[in-house]
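So you know, we letter chains A, B, ... as the sequences are listed, proteins then strands, and number each from 1.
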Amino acid sequence: MRDLAAAAIRSYMKEIGLAEDLSTLLPKGIRLEFPKKEGFGEISTPVAMHLAPLLKLPPRKIAESLRQELMDASLFQSIEIAGPGYLNFIFSEQSIRDALLKALDETSDPVIPEDSKRKILLEFVSANPTGPLHVGHGRGAAYGDALSRILKAVGHEVKTEYYINDAGNQMEMLGRSTCLAWRKLIREVPQKEEEAFLKGGTPYKGDYIRDLARLILDTPGLLTEQEARNALDPLAPEDEYLGKFTEIAQSRIMEGIREDLRQFGVAFDTFFSEKDLHRPSEGPGTDAITLWIARIREASGRNEKGNVPDVFESEGALWLRTTLLGDDKDRVLLRSDGRLTYFAADIAYHAQKIQQGFDLLVDVWGADHHGYIPRMNAAIRTLSDLLDRPVEFRVALIQLVSLVRDGRPVSMSTRGGEFVTLREVLDEVGVDATRFSYLVRSHESSVEFDLNKAKERSMDNPVYYVQYAHARVRSLLRQAQSRGVEIPVVWKSADLEALSEPAERELVRILDRFSYVLNEASRSLEIHPLTEYLTDLAGHYHHFYFHHRILSQELHDKKIMVARIGLSVAVGRILKTGLGLLGISAPDVM
RNA sequence: GCGCCCGUAGCUCAGCUGGAUAGAGCAGUAGACUACGAAUCUAAAGGUCGGGGGUUCAAAUCCCUCCGGGCGCACCA
């Protein structure tokens, strides 16, 4: 219905010769709102006010001529002018019935697809395999997963990927931490030995490290006898055993992460290992990262667009001049000790994404990585020009989840070992409530997750409010069936003519908004509008259900009963679809 | 010091591509189960939109400034 109003306005503007420069006239398009308040129309637009300074006419006068032209009795019951120049549309009964029929049509998707379909690579979670997923990762997982579902629902091609940072110092430290814990299970470790072994680094702590050490000790064959002997001897060469600890720890942790994700209902199309980028293909210096640096180096200066910055040497290191592309300082690619930086690996990783033909790359990061955006922007522009492929890069920053337990903040640090795992929360609160809590707020604002509230008072969680509305619909249909009521398989306009209550009309208008909400969500990469929408829809259905009888035949005629069942079926369908997009179940009974 | 995010009802947060009387949930107050599921519904109450300037016909929304909170500013990942 929103589209009808927009189309009507657009065609009128075309008639008066404004259409061709509509986008310059109104660069933000025709704004259409869904007023919450009664008396402000079912759809309204301040477009006359926007046009006033351009046409040099009073807004109400413009509104009046728009009203005259737009009035089409088959679409609108009335169009009113209000306030400083609002156009408020009230739909015709036929428009309302048509909208409901659309929601009831099983043969068509309730979502209107986007005009331009894109090929999107959505990377999220990507937690380092140095410890189990905690509640912060959970938020990113819930967000990314829901986003991928929404993007697919509006017609985009989406691939989801988890980038495993399994190279670099942190993995060595994981191995050391595990080895140290293992030693401590066998014998006393003098402080001096511990300090020397850690080389000034901070070890990972926490139960999971001890569990890993215990597992290695208790599982025969994980270490060879020789490795075990060396690992106990501080004087033995570390190369002989440390890698083994790293390997075991990492693979077990990664298995745990995959299991957590599976339990959380989050599926990835691919897991991409950073190690693959470091692996030479045919001899020294033929790893992907080094090759990409060479390609950029070669292209810089010879590129017509001038968007490929140069690679230069300074202080014994190799740098990329990202300042040419908006970064505030140049960045190191190859350290003076000959090791590649994380940034260099990320360039190769994203180059590979672009080569696969994606035209939109979405990275979901923790908010503490925001300082990394300018250099990645520079990298993407570099690669885009180098490969001559236009590509858009967007980062969704997931703000912090701060935990509160017993009224006090819980600190979270993987290394300190003091954190609440996603698994713990899932076990106590459940998948549906956890996902809903994550998705009910904008990912851009930090959120307080009260563990006690989530655990002890879980029935107050709004997720049950929405699920209950769905269960109510199903229950109603079961009742109808047991009473032998005939429910149409294919709905026709005539089946719905008996609808006349304002509450019914309101529900149809909300149902009609579903597609619009999804389109907005997919463009803005925001999930919470959908969560709010579903809560709103559920609320209106509860209201309607409480105040209007549906099945008792003595109160009204059969036509009203059938029409209200139709309305309920449509509500149930949209609730189920919407919850599904959030990765939340829509139970038939609760 | 520089940069990013945030400050809205007692609490947790929507609204911020400028538009009508700033919204919801929770808590608290007062009510509704002989009727398709009360995990529901109804009503009232609750506000210097952090402070101050500015732009505008119109500012919670845009700009400046100050205050308060969080997070970044590596040849770590």
Could you give the CE-to-C1' distance, from A:Met590 to B:G37, as a whole number of Å? 11 Å
Would you kindly give the CZ-to-C1' distance between A:Arg474 and B:G37, to the nearest whole Å? 15 Å
List every contact pair, protein side and nucleotides 70-73 of chain B side both N or O, where the distance is under 3.5 Å.
unit_1: B:C73; atom_1: O3'; unit_2: A:Lys329; atom_2: NZ; d: 3.4
unit_1: B:C73; atom_1: O2'; unit_2: A:Lys329; atom_2: NZ; d: 3.2

Does a side-chain N-to-carboxylate-O contact under 4.0 Å join [X] and [Y]?
X	Y	value
A:Arg297	A:Glu313	yes
A:Arg67	A:Glu64	yes
A:Asp363	A:Lys353	yes

Residues in ring pair (Phe, Tyr, Trp, His ring centres under 6.0 Å) contact with [X], at least two apart in sequence or another chain:
X	result
A:His443	A:Tyr143
A:Phe546	none
A:Tyr468	A:His542

Inter- and intrachain pairs under salt bridge (charged side-chain N to carboxylate O under 4.0 Å, His left out), touching residues 43-52 of chain A, at least two apart: none
Quiz item: cation-pi between A:Arg176 and A:Phe197, 6.0 Å / 45°: yes
Could you tell me which residues satisfy salt bridge (Lys or Arg N to Asp or Glu O under 4.0 Å) with [X], sequence neighbours excluded, listed by chain and number?
X	answer
A:Arg375	none
A:Glu506	A:Arg509
A:Glu247	none

Would you tabulate the pairs of protein nitrogen or oxygen atoms and nucleotide nitrogen or oxygen atoms of nucleotides 8-15 of chain B closer than 3.5 angstrom?
unit_1: B:U12; atom_1: O2; unit_2: A:Arg441; atom_2: NH2; d: 3.1
unit_1: B:C13; atom_1: OP1; unit_2: A:Ser446; atom_2: O; d: 3.3
unit_1: B:C13; atom_1: OP1; unit_2: A:Glu448; atom_2: N; d: 2.9
unit_1: B:C13; atom_1: O2'; unit_2: A:Arg441; atom_2: NE; d: 2.9
unit_1: B:C13; atom_1: O2'; unit_2: A:Arg441; atom_2: NH1; d: 2.3
unit_1: B:A14; atom_1: OP1; unit_2: A:Ser445; atom_2: OG; d: 2.3
unit_1: B:A14; atom_1: O3'; unit_2: A:His528; atom_2: NE2; d: 3.3
unit_1: B:A14; atom_1: O2'; unit_2: A:Glu532; atom_2: OE1; d: 3.0
unit_1: B:A14; atom_1: O2'; unit_2: A:Glu532; atom_2: OE2; d: 2.3
unit_1: B:G15; atom_1: OP1; unit_2: A:His528; atom_2: NE2; d: 3.1

What stems show up for RNA chain B when you take Watson-Crick pairs (N1-N3 plus N6-O4 or O6-N4) and G-U wobbles (N1-O2, O6-N3), both under 3.5 Å, and require three or more consecutive pairs?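 When the pairs of RNA chain B are grouped into runs of at least three, the stems are B:1-7 with B:67-73, B:10-13 with B:23-26, B:29-32 with B:40-43, B:50-54 with B:62-66.
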Examine A:His543 together with A:His540 and report whether their ring centres are nearer than 6.0 Å.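 Aromatic pair excluded; centres sit 6.0 Å or further apart.
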Between protein and nucleotides 28-32 of chain B, what N or O pairs are separated by less than 3.5 Å?
none

Kindly say if A:Tyr465 contacts the phosphate of B:C26, meaning a side-chain N or O under 4.0 Å from OP1 or OP2.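 No.
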Are there any protein N/O atoms within less than 3.5 Å of an N/O atom in nucleotides 42-46 of chain B, and if so, which ones and at what distance?
unit_1: B:U42; atom_1: OP1; unit_2: A:His543; atom_2: ND1; d: 2.4

